[in-house]
Structures are given as structure tokens and as C-alpha cells.
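Protein chains get the first letters and strands the later ones, always in sequence-line order, with residue 1 at the start of each.
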Amino acid sequence: MPRYNPAVIEPKWQRYWESNKTFRCPEMPDPNGAGKLYVLDMFPYPSGAGLHVGHPEGYTATDIYCRYWRNRGKSVLHPMGYDAFGLPAEEYAIRTNTPPRQSTEANIANFTRQLKMLGFSYDWDRCLATTDVEYFRWTQWIFLVLFDTWYDPVAQKGRAISELPIPESVTAQGPDAVAQYRDKHRLAYQDDALVNWCPGLGTVLANEEVIDGKSERGDHPVQRIPLRQWMLRITAYGDRLISDLDTLDWSPGIKKLQSDWIGRSVGAEVDFPILPADRFDAWLASKSASGPATDNASSGVDTLRVYTTRPDTLYGATYMVIAPEHPLVQKITTSDQSAAVSEYCKAASFKSDRDRTEGDKKKTGVFTGAYAINPLTRSPIPIWVADYVLINYGTGAIMAVPAHDTRDYEFATTFKLPVVIVVHPESATHEELAEIERGDVCFAGAGVAVNSGPLNGLKTDAAKAKVIEDLTRLGIGREAVNYKLRDWLFSRQRFWGEPFPILHELGADGKPNGNIRAVPLEQLPVDLPQLEDYKPHGRPEPPLAKADDSWLYVTLDGKRYRRETNTMPQWAGSCWYYLRFISPGCSTAAVDREKEAAWMPVDLYIGGAEHAVLHLLYSRFWHKVLYDRGYVSHPEPFQKLVNQGMILSYAYKDKRGALISGDSVVEDENGNATHKETNESLERIVAKMSKSLKNVIDPEGVVQEYGADALRLYEMFMGPLEATKPWSMNGVNGVRNFLDRVWRLMIDPRSDDNTLVDSIQDVPATPDQNRMIHTTIGAVSRDIEALSFNTAIARMMEFVNFFTKEATRPKSAMETLVLLLSPFAPHVAEELWQSLGHGTTLAYEPWPKYDEAMTKVSEIEVPLQVNGKVRAKVTVPAGCTEAELEQAARNHDRLVELLEGKQIVKVVVVAGRMVNFVVK
RNA sequence: GUCGCUGUGGCGAAAUGGCAGACGCAUUGGACUUAAAAUCCAAGGACCGGUGAUACGGUCGUGUGGGUUCGACCCCCACCAGCGACACCA
């Protein structure tokens, strides 16, 4: 085989690796090795479309890293699996009545085939899918751990529900009350939450299936209705999810994204009485005696509780706003306003969150007719209903301070509500102050309190502290912390997800009586039932409610139960897959304790930035619960995280803006694109790959045309791993050309088998050759460790360019090159390694040894500057001192000429780098 | 609107305080060939001066404007553009 032919050698080595189980990972790290390394890719959703070129980007990066560290003697865990639950399989099932498991398995088989085609060094024996029954058995088990855990705010950790202290008043009410008290404190609990109910389709929709308040399929109106849902108390872990970010080796950008998403804020909760003014004193007296109620529900009908981050502006609160879904809306609305209010609330229920926030954001709202009393100014202030206040943040009600909050200001301007200035900027011109005083602008910053009784003159921070102290003493407020992060809505009204291992006890009437229990651990897994078809049944209930009674009803310990019919969201399976990879066959636990302690945490996790918030947050949350309950050994799962950049592609538009397929475009040497047939000149744009832009690159086609090694190499050579970058087929051709050059460097093109070229000889390298060899070893090793693969490849290209010109090529130098190249282009490297006379894989061959002494040169060229501009260069011995270098510079003919008649003000000398004369 | 990332030759990029443009694509010239392809070798930021042509010398040059420094693609301030994420969180 004289010519480099990836179509032959790539399948050959893939078969070799597979049949020899070359990349099987040991059960435990080798105690005599260089340590353990757990490198993880974000596993893919196996879509019907197969791999796109974005997948191999991250996978190649991790593969290079793993292959490198195997050569350096580490025990490497590098697994792959599939995140296989999800909507597309279910939609396909509804359309074609194909069971989702069937289409999912076909897609997984296709993905596996495509991944193996790229030569990744996964331990395929550890492959798993979240849809495997033996896998989701343990997903269900983890859910039951959450169900069995409450968060102890004092110890700041999750503890077994059996350790939850039960107040005597609850115990006194009997076992049902105790059970309910426990249920209310579990990390997995039930609550009413709004879902997208589409009466037209007779089904509940996921958020992404709702577009502009209409269903994606069929364009029917979608209504938000409350439904009993499973929630996970992720907010309990909010503080730890923020503070533990400090311990992680993640980019500051991702950390900020996570902590902004959690959105912790400190402020105050304040109670406003809804009473006639003459009863205010009595209310205040009773509050001062009892202190503020600890929860909103028992704060009383006559009290409206708000959350504010600016309690210092309380004196400027001139009205209040409650969310349309707020429980007090009905109770406080006066009869003459009730028609307008209920119409407004109904309209709001048809708006999605997106509708409420998009558009021109013009504030809308209706007066309830009710008044509350500002507890500090004692003035009655009107209560409005408006959808700019969200029911699920804070208390669902606000005190509006239009002078110092831009949203309140807009609302007050729209509805002509009074504006009272209570903060002045610390420093402002007279005009600025006058503008604020007139109410022409809204000042939302910190400053000094005015017009606020006892707070006057205090800076914002001090005013906040004082008012919180006063409110606490009066029993009408307290400091409070809030998170933008909501508790995690964990149930989906879908078929293709993990069933909840929960049973609802049935009362005498055959209906659930409110008692729930976990499916006993020994009865896990709860598998999905067989369904006749997957079509919606028309009720706002999950599809599992269509299952046969034999699945749906269970008798246990003499009691009848109905199974929970919600399923878990796609996130569930991906929350803990990194643990299962450690002991994929373990039948007694989600993960083997001893192995978990040996392999965790994940040392390098690479994936797309689209998962920067949710997946990583949910995973970290589950991990912390497992940690608190003693099932894992480390508080964080992913030590180092890197997000690969998106791969874009060129797309072409003609003058009318129509998209032209890449096949019918020619580009000239200046990059001007024209249409092949019409010769019309086209505009080139860079965009995400998509069918509609006709710019999708199919990796399988690239492998067929150029080879997997060329694809891998190009994906890494395009630019930095984290950068967004456009795909170019010319670039693929370029790296393929490099692989051809590597091949010809060693293999005689006229031979019938892989005969080495005559210039390869078993001789020691010359000093020049050694310098190239060791410079390259050093640079490639450093670059791989820094994930700077593009520059590592450039260094190898220089190596090849150098040795192509050498008449004698030491065999040892060629072996070094093959090993350096092997993580990047493993197939061609194995083939060349064999041709160089080796009988086994190079996967565990020791990495070439770097000798810095070999890289030294005897003389270096140093630039000489005058006033910072390079004017000449001087050649000096490599080790020369600053004084010697300066002397050499002063003796340089050209410098002598340039410095003549000038006054030297300063000389900057950096040994080995440069000399700069500053002259006048 | 807020936050983040990115702006360097015809193109992908390198250099993160010290010779801007490594490496690759495309281009041009040469060798080989009857010829072409392939391959190998070489050239190349722009402009000006200089010369028969070289050599050589100079000016400008990393989105824009300012600043720090002996010296800035790199650090600081302000702005512009493109991409991405979030979006009334009180």
C-alpha cells in the first residue's frame, strides 16, 4: 500500500482496538501508575439525524487528552453514553405509533457506529443509555433519596427525613398530620404549579412546544393552569451552589452565569395591613406583641407581605402591586372593580411568561379598589394587580417605589400614581437633583435617605440596616434572602421518561386520599407500561394514566395504591451518569463506594456552553444531596470544565436574500462568491449550521472523503477549542495534505507494502535535528496539557517540514513524531508505528522524553531598538549577560551611526531578548 | 435593556508587556514532466524612496478614540461593530 489510504487503515485499527479491548479501563486506578484521570464528554442525545460536526470537536479534544495521559502512565477513565429520553422519540411515537424504545435503540446504534468510525478511545464496555432499565432503576433510587431527605438549615446539609424534628403541636394531631408535615419538608415534594395546557391538542406541552402562546403543532391557544407537580427543593442548596463555585477550575464566565442564575439577593420582607386607617394602631400593637408571622399563609388576610431589596425606600412606597395569581386578589378586590380585575387575571393566564416580558414591555394593570397602609408613613396606598409582578418570586407582591425603581416609575407614569423622592444621589449637580425632584427621571442607585423620618441623612446601606432593625422590633418585617432560582419543577406529563417510584394511597372511595409512599427499594425499577398508542387522551393528566390497571394499581401491605403517572424530565438521567460510568454493572448500588472514591471527581469535563447553567446546576445539586447523605465522597462532581466553541459554517445569499446551497457556489481567490450557473455574485455569511441555511456539514461524508484522522486533526487545527469558528473544507484539505506529508516522510511511495524510505536510518540525530525533536516534544506536550491543540499541530507541521528536507532521517526521530501525532491522528500513527517495526499498539508506549538541554542554541539574534523601534539586530552568544549584550549593541555599526550626536537618556536591556536605547 | 465573548493579511489563525502575522488555506514563481496532475523548493502586510534589477532605507499597520510604559495586539478608560446568553426577579 504505497499511498496513504485512510479508507483501509482506519477500519483496520478500529477493529484492532475493538478486538484487543485496547482501551478497556481498569476497575481501579493502577496503584503503581501515574495516578487516575477521569475525562468526560457531555453525552449526546441520540437524534435521528446522527452526528454533526460539533460532536467530534469536544470528543476529539478529550480523546487527545486521554491518549496523551495514557502514554504518560495515568489510569484513564474515558466513557461514553447516551442521554436518550426526550421529546423527539415521543413525538415520533405519536406520529407513527412506533414504541419510543425501538426508535431510540436504532438511533443509538447509528450513533455508536458513527462514533467508532472516528476512532475515539472510549471504553465501550461502559457504554450506557439513560433509557436502560437497569440505569433508570438507579435514577429512581436517587429520586427516593431526595424524597427521603430534608434540608437542615442549621447544619446546612440534607438529612434523613426520619431525623426531622416534629413539633409537638403536629404530633398531637396524629400520624396523618406527622406524615403531611414530613411531606412538606422533603427535598422532593408536591405542589401546584402552572403548566401549559392546550385544550385543542388535549395535552400538556413543554415550554419549547409553546410559541407565542400557541402550540407549536396545530397553532392552538395554550393556557396556563395549575396542576399538582413534583418539585425539587434546589433553592435549599442555593448558597452552597454559589459558594462552592470557588473550589472549581471553571472559567469565570461560567461561574458568573451560574451565580447570576441562582441570583441570591438580600433584602427584607415587610407586612402592610389592609385595614381602615383607624384600626392601624391596634394592628401594630398586636404585631409588636407577637412578632412577624413566620410564613406568608399565616400572616393573615388583613396583611399583604412584600419582599424588597430596598427597604430603605419604604417611605417612598406610594402604591402596591400584586401578581394576578396572588391568593389575595379575590379577597381584597372591591365589588365595583371585580369585573375589571377578573378579566385582567384571566387574560394574564393565557399569556406565557415570554409574552409577558417580550414586546414593548408597556406596563398594564388594574386597581383592586383596596388600600393598604404604609406602616411607616401611615398613609393609605392603593393596591393594584399587574402582571409585571411575578407570582413565583419573593412573595408575589411588591411595595412600589416609583421614584427609585424603573419599573415602578414606568407604571406610575402610565397610571398617574404619586412619586415621592426618598433618596438623593451622594454627588449630583443641581440640574440632576432638580430633574430627580421633578420626577423627570428615576434614580435607582444608592445614595442618602431624605424625606424618610428617622432614616434621613443615612447612606443606603446604613438606612437598610436601620429600617430592618426597626421593622423587626415592631414585628412587621425582617431581613430575608431570595433567589431568582426557583425550586425545580421536576415532573413532566410525558410518556418517554423515568416513571416516579411513588404510590398514592386510595381511600374508601377509590380516589387518592393524599397519603403517598415510596415504592419499596427492592421493587425498583418501575418500568414504563406498554401502551396501545401514544396519542394524548384529552385530559390534563400524563399519558401514563392510559396504562392498564395492572400497571396503574398496586396493593401493598393490604392497602390499594395508584402509581404516580408523571415522568421525570430529561435532565434527570443526565444528572448522575458520570457516577454510573465508574461501576456500570453494579447491581447493589448506583455507584460502587470504593470505586467512586478512587475515580471521582471528574478531572476534565468538556461540552457545549448551552448546558452551562441548567445541566451543571442540576447535576451539582443532586451530587450535593448524595454527598450529604454519604453516598459520594466529594462535594462537587466536575473539577475542571471547558466549553467548546460552536462550529459555524459559511452560507450564501443572492441579491434577493435567498439562500444558495454551498455546492452551487464558486469562490475566487479574493473570496468573492458567485453562483456556478448564473454567475450572480453572492454574499457570504457565517452562521450556525441549519437545514434552512443549507450549510450543514456531515461528518460521515468528511470521513469518507478525507478520513477520520483528517477530520479529527482539522477540528483541532481550526482554532482554539473554546472559540466559535467557521468550517472550511479547504482547511480539511490542508490537514489531509499534512497527513500525506507525514506518510511520505516515512513510506516509500513506489513500494507495494509499507516499505520505509531509504533516508530513514538507524543513526543518532544531529544537533540540529535534536533541537527540532526536543523543541517539538516540549511544545506539543505543553500544548496538549493546556488544551491548545491548534498550536500543537502547527509545531508538528514544522517538524515535518524540517525533516522533509533532511537527507538522513534518524529512525528514532520518526518514532518520536509518530508518538506525538498519535493522540491526534491515532489510525495513521498506529499504521506507521507498525511500519517502523513495532508489533503492538502504541497506546501505552511511553511518551517521548523531553530534554531541554537539546533545545539550546549557541548563538541568538537580538533586536536593537532606538526609542522603541527596531533598528538593527545583533548576534550574540546565547548565555551572554546584560552587560555583554549592551556592549555588543553599543559596538554595532548601525547603532553607532544612529546614536551619533544623540544624548542617551536610558538603556533598557533584557538578557536574551532585546536592547532599547532611549535618546533625545 | 443587562451580562458575556470576539474584533490581527484575501481567508482560518499565532504571539498575552519585548523582532506582529508562527502554522495552514488560497495566490504567485521555480524545479521535475513531451504536457498536465501529483510532488518538491521558494516568495509574499500596505505604501514611499532607492536600483537596470537586487541589496538597502523609511513611513504606516492588530475595530475607533484616549491613557499608562523605555516599549502595548497584550494593561487601563470611553466608544463602535458582530456573535451568544438572559430578560420586568422588586
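- A donor atom on one side chain and an acceptor atom on the other are not found under 3.5 Å apart for A/Asp748 and A/Thr755.
- For A/Tyr650, the side-chain atoms get nearest to B/rG12 when compared with the rest of B/rA14, B/rC60, B/rG12.
- Contacts of A/Asn867 with the nucleic acid, taken as non-hydrogen atoms under 4.0 Å apart, are absent.
- As rounded to the nearest Å, B/rC74 and B/rU62 have C1' atoms that lie 10 Å from one another.
- Considering only the side chain of A/Lys688, B/rG84 comes nearest among B/rG84, B/rC25, B/rA14.
- Among the atoms of the strands shown, none is found under 4.0 Å from any heavy atom of A/Gly394.
- Distances were taken from every side-chain heavy atom of A/Lys363 (C-beta onward) to each of B/rC88, B/rG84, B/rA13; the shortest belongs to B/rC88.
- Of the side-chain N and O atoms in A/Ser265, one or more sit less than 4.0 angstrom from OP1 or OP2 of B/rA90.
- Distances were taken from every side-chain heavy atom of A/Phe717 (C-beta onward) to each of B/rA90, B/rG12, B/rU39; the shortest belongs to B/rG12.
- For B/rU34, there is no paired base (Watson-Crick or G-U wobble, both distances below 3.5 Å).
- Across B/rC88 and B/rG18, the matching P atoms stand 45 Å from one another, rounded to whole Å.
- A/Asn801 comes within 4.0 angstrom of the backbone, heavy atoms only, and of no base.
- Looking at heavy atoms from C-beta onward, A/Phe824 lies out of side-chain contact with A/Thr60 at the 4.5 angstrom threshold.
- The side chain of A/Arg744 approaches B/rU39 more closely than any other nucleotide in the set B/rG84, B/rU39, B/rG18.
- With a cut-off of 3.5 Å on both Watson-Crick or G-U wobble distances, the partner of B/rU27 is given as B/rA43.
- Residue A/Met914 is in base contact, counting any heavy-atom pair closer than 4.0 Å across all strands shown.
- Taking syn as a glycosidic angle within 90° of 0, B/rG58 does not qualify and is anti.
- Spacing of P atoms, B/rA72 relative to B/rU68, comes out at 12 Å, to the nearest Å.
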For this session: Start with the C-alpha gap between A/Ile391 and A/His326, add the side-chain angles, then the distance that decides, and say whether side-chain contact (heavy atoms from CB on, under 4.5 Å) holds.
Result: CA-CA 6 Å; A/Ile391 185 62; A/His326 196 283; 4.2 Å; yes
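- In a base pair of the Watson-Crick type (N1 to N3 plus N6-O4 or O6-N4) or a G-U wobble (N1-O2 and O6-N3), with each distance short of 3.5 Å, B/rC79 is matched with B/rG63.
- For B/rA87, there is no paired nucleotide, since no Watson-Crick or G-U wobble pair has both relevant distances below 3.5 Å.
- For B/rU28 and B/rA38, the P atoms lie 13 Å apart once the distance is rounded to whole Å.
- Residue-level contact check: A/Val870 touches the backbone only, with heavy atoms under 4.0 Å from sugar-phosphate atoms and none from bases.
- A donor-acceptor pair under 3.5 Å links the side-chain atoms of A/Arg310 to the main chain of A/Ala444, judged by distance alone.
- Between A/Arg736 and B/rG24 there is no side-chain polar atom (N or O) within less than 4.0 angstrom of OP1 or OP2.
- Candidate nucleotides B/rA90, B/rC23, B/rA13 were compared by shortest atom distance to the side chain of A/Thr309, and B/rA90 ranks first.
- Residue A/Glu610 is out of contact with every strand shown, counting any heavy-atom pair closer than 4.0 Å.
- A/Lys725 comes within contact range of the sugar-phosphate backbone alone, with a heavy-atom separation under 4.0 Å but no base atom that close.
- Residue contacts shown for A/Thr791 are limited to sugar-phosphate atoms, with no base heavy atom under 4.0 Å away.
- Base pairing of B/rG49 is made with B/rC56, judged by Watson-Crick or G-U wobble geometry with both donor-acceptor distances under 3.5 Å.
- Residues A/Phe415 and A/Tyr319 keep their aromatic ring centres 6.0 Å or farther apart.
- If you take atom P in B/rG30 and the same atom in B/rC73, they sit 38 Å apart, rounded to whole Å.
- Here the shortest heavy-atom pairing between A/Ile234 and A/Asp487 reads N-OD1, 3.3 Å.
- Between the side chain of A/Lys805 and the base of B/rC41, no donor-acceptor pair under 3.5 Å is found.
- Side-chain to base pairing of A/Lys906 with B/rC70: no donor and acceptor N or O lie closer than 3.5 Å to each other.
- Residue A/Tyr618 is tested with A/Tyr237, A/Trp571, A/Trp261 for a ring pair (Phe, Tyr, Trp, His ring centres under 6.0 Å); the sole match is A/Trp571.
- A gap of 15 Å separates the P atoms of B/rC25 and B/rA43, to the nearest Å.
- Looking at A/Asn482, its side chain never comes within 3.5 Å of a backbone N or O of A/Ser265 through a donor-acceptor pair.
- Of the candidates B/rG84, B/rG12, B/rC88, the closest approach to any side-chain atom of A/Tyr388 belongs to B/rC88.
- Within 4.0 Å of A/Glu722, counting heavy atoms only, lies no atom of the nucleic acid at all.
- Here B/rC60 is the nucleotide among B/rC60, B/rC19, B/rA14 with the atom lying nearest to any side-chain atom of A/Lys869.
- Set against B/rC11, B/rG58, B/rG4, the side chain of A/Arg871 has B/rG58 as its closest nucleotide.
- For A/Asn916, taking side-chain heavy atoms from C-beta onward, the closest of the listed nucleotides B/rC11, B/rC23, B/rG71 is B/rG71.
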